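Report on one structure; see the data block that follows.
Computed from a predicted structure; not experimentally measured.
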Amino acid sequence: MSFQLNGKNAVVTGGSSGIGLATVELLVAEGANVAWCGRNETRLNESKALILSRYPNANIFTAVCNVLDKDDVQAFADQVQHIFGGVDILINNAGQGRVSSFDTTEDEDWMNEIQLKYFSVLHPIKAFLPVLKQSYFASITNVNSLLALQPEPHMIATSSARAALLNLTHSLAHEFSQYNIRVNSILLGMVESAQWKRRFETRSDENQTWDEWIGNIAKKRGIPMARLGKPEEPARALVFLASPMASYTTGSTIDVSGGFNKHL
């Protein structure tokens, strides 16, 4: 079944690796024109080369951009509009979490988490909103975490910032409905990443395979599916919510946690 994205213009922030890159690839595979950004120029160039090696005819654009820098984001938005002529889809792929308890979280750490989780979303939305308003099927989809509804004491600052982002997403869904812009999010559980790969390389039992090692972690954390998610799995949820296939869905979330959620 097609996501009905052929010829649509999509933007993914943080698209050079992990979930962001998996999302970019799925959008390209579905026929969308895709722009993505990242802070690391080397990684960004590698992601572009990877996509072109698999989809030589893809219409893509990449730019180095720090989503916490308002001017950077506006320049990226202006470039995308000039190249694509418009934007139908914005996918905000926010940053990593912070491990700390209340006692080990300084005032500056709280502020940094709020800035990262909020303004990495607010800056792109503000920059792309004028062009999104011109689309007949506009959508904004935010990558969020299960921590928004199921906080962890060892990630107290990230948990509270994620809850705020969930509230913001719901509020924007109501406010932007007047512009025919849908706003949704996904709630991530534990997903395979370069960080987990690095930890695997330093495992105590070198005879363990990746599947065995990661499976043990999942079981210890109580994930019913007994594994971590793969980047392409949240990418599918993101692309569905962003696409016309979810045309009557706004202010909603899709839980992508392998059953790790403990709430109704």
Side-chain angles (χ1 to χ4, degrees), residues 3 5-96 116-117 119-132 135 137-144 183-186 188 191 193-194 230-243:
F3 283 101
L5 291 173
N6 191 50
K8 304 294 191 298
N9 300 323
V11 175
V12 180
T13 64
S16 59
S17 63
I19 295 168
L21 182 55
T23 303
V24 166
E25 180 165 4
L26 182 53
L27 288 165
V28 170
E30 289 292 320
N33 310 311
V34 187
W36 69 98
C37 66
R39 289 181 299 174
N40 186 299
E41 185 172 9
T42 299
R43 191 182 303 159
L44 193 65
N45 290 337
E46 290 173 349
S47 68
K48 183 177 182 178
L50 175 67
I51 295 299
L52 288 176
S53 70
R54 295 176 179 175
Y55 308 92
N57 298 319
N59 185 13
I60 61 175
F61 170 70
T62 61
V64 176
C65 175
N66 178 4
V67 290
L68 296 181
D69 186 316
K70 187 175 182 179
D71 294 335
D72 244 19
V73 177
Q74 187 60 59
F76 174 54
D78 292 343
Q79 289 174 301
V80 173
Q81 183 176 9
H82 176 73
I83 293 169
F84 287 171
V87 173
D88 306 300
I89 292 167
L90 172 63
I91 296 178
N92 292 304
N93 183 31
Q96 297 179 340
L116 177 60
K117 301 307 183 293
F119 288 96
S120 65
V121 171
L122 287 173
H123 286 332
I125 289 176
K126 288 182 178 181
F128 285 99
L129 187 58
V131 287
L132 286 167
S135 171
F137 20 70
S139 67
I140 298 169
T141 314
N142 299 325
V143 176
N144 205 341
V183 188
N184 296 288
S185 64
I186 66 168
L188 292 176
V191 178
S193 64
K230 299 182 183 301
E232 58 268 25
E233 292 175 313
R236 293 181 197 124
L238 283 168
V239 172
F240 166 72
L241 285 173
S243 77

Query raised in the report: Out of curiosity, N45 CG to N40 CG, how far, rounded to the nearest 0.5 Å?
Result: 9.0 Å

Query raised in the report: With respect to P124, which candidate in L90, N142, I91 satisfies the side chain to side chain contact (heavy atoms under 4.5 Å, CB included) definition?
Result: L90

Requested in this report: Check the pair F84, N59 against side-chain contact (heavy atoms from CB on, under 4.5 Å), reporting the backbone distance first and the verdict last.
Outcome: CA-CA 9 Å; F84 287 171; N59 185 13; 3.8 Å; yes

Query raised in the report: Of all residues at least two apart in sequence or in a different chain, which pass the side chain to side chain contact (heavy atoms under 4.5 Å, CB included) check with K230?
Result: E192, R227, E232, E233

Report task. Would you mind reporting whether L5 and V239 have side-chain heavy atoms less than 4.5 Å apart? Result -> yes

Requested in this report: Answer yes or no: is there a side-chain heavy-atom contact under 4.5 Å between F119 and K70?
Outcome: no

Query raised in the report: What class does the angle between the rings of F76 and F61 fall in, given that below 30° is parallel, 30 to 60° is tilted and above 60° is perpendicular?
Result: parallel

Requested in this report: Answer whether the closest heavy-atom distance between the side chains of L188 and I19 falls below 4.5 Å.
Outcome: yes

Query raised in the report: What are the two closest heavy atoms between L27 and A10, and how far apart are they?
Result: CD1-CB, 3.9 Å

Requested in this report: Applying side chain to side chain contact (heavy atoms under 4.5 Å, CB included) between R39 and each of L68, N66, V67, report the one that passes.
Outcome: N66

Query - Close side-chain approach of S47 and L50, heavy atoms under 4.5 Å - result: no

Report summary line: On a heavy-atom basis, the closest approach of G15 and V24 is O-CG2, 3.9 Å

Report task. Using the side-chain contact (heavy atoms from CB on, under 4.5 Å) rule, take I51 and W36 through it: C-alpha gap first, then chi angles, then the decisive distance, then the call. Result -> CA-CA 12 Å; I51 295 299; W36 69 98; 3.9 Å; yes

Query raised in the report: Taking atom CG of L241 and atom OG of S139, what is their separation to the nearest 0.5 Å?
Result: 8.5 Å

Query raised in the report: Considering only heavy atoms from C-beta outward, does the side chain of L26 approach that of R236 to under 4.5 Å?
Result: yes

Query raised in the report: Tell me, do H82 and D78 make a side-chain contact under 4.5 Å, heavy atoms counted?
Result: no

Query - Spacing of CD1 belonging to I60 relative to CD belonging to E25, to within rounding of 0.5 Å - result: 11.0 Å

Report summary line: Nearest heavy-atom contact between A58 and L52 is O-CD2, 4.3 Å

Report summary line: Rounding to 0.5 Å, atoms CG (L21) and CG (L44) come to a distance of 10.0 Å

Query raised in the report: Between the side chain of T23 and the main-chain N/O of A235, is any donor-acceptor distance below 3.5 Å?
Result: no

Query raised in the report: Can you name the nearest heavy-atom pair linking K8 to D88, along with the distance?
Result: CA-OD2, 3.4 Å

Query raised in the report: Rounded to the nearest 0.5 Å, how far does CZ of F128 lie from CD1 of I89?
Result: 12.5 Å

Query raised in the report: Of all heavy-atom pairs between V12 and G20, which one has the smallest distance, and what is that distance?
Result: CG1-O, 3.9 Å

Query - L132/S135 under side-chain contact (heavy atoms from CB on, under 4.5 Å): CA gap, chis, key distance, verdict - result: CA-CA 5 Å; L132 286 167; S135 171; 5.6 Å; no

Report task. Report the distance from atom CG of N92 to atom CG of L238, rounding to the nearest 0.5 Å. Result -> 10.0 Å

**Report entry** Shortest non-hydrogen contact between G38 and S16, atoms and distance
**Finding:** CA-OG, 4.5 Å

Requested in this report: Tell me, with the steps shown, if V131 and N9 meet side-chain contact (heavy atoms from CB on, under 4.5 Å).
Outcome: CA-CA 11 Å; V131 287; N9 300 323; over 6 Å; no

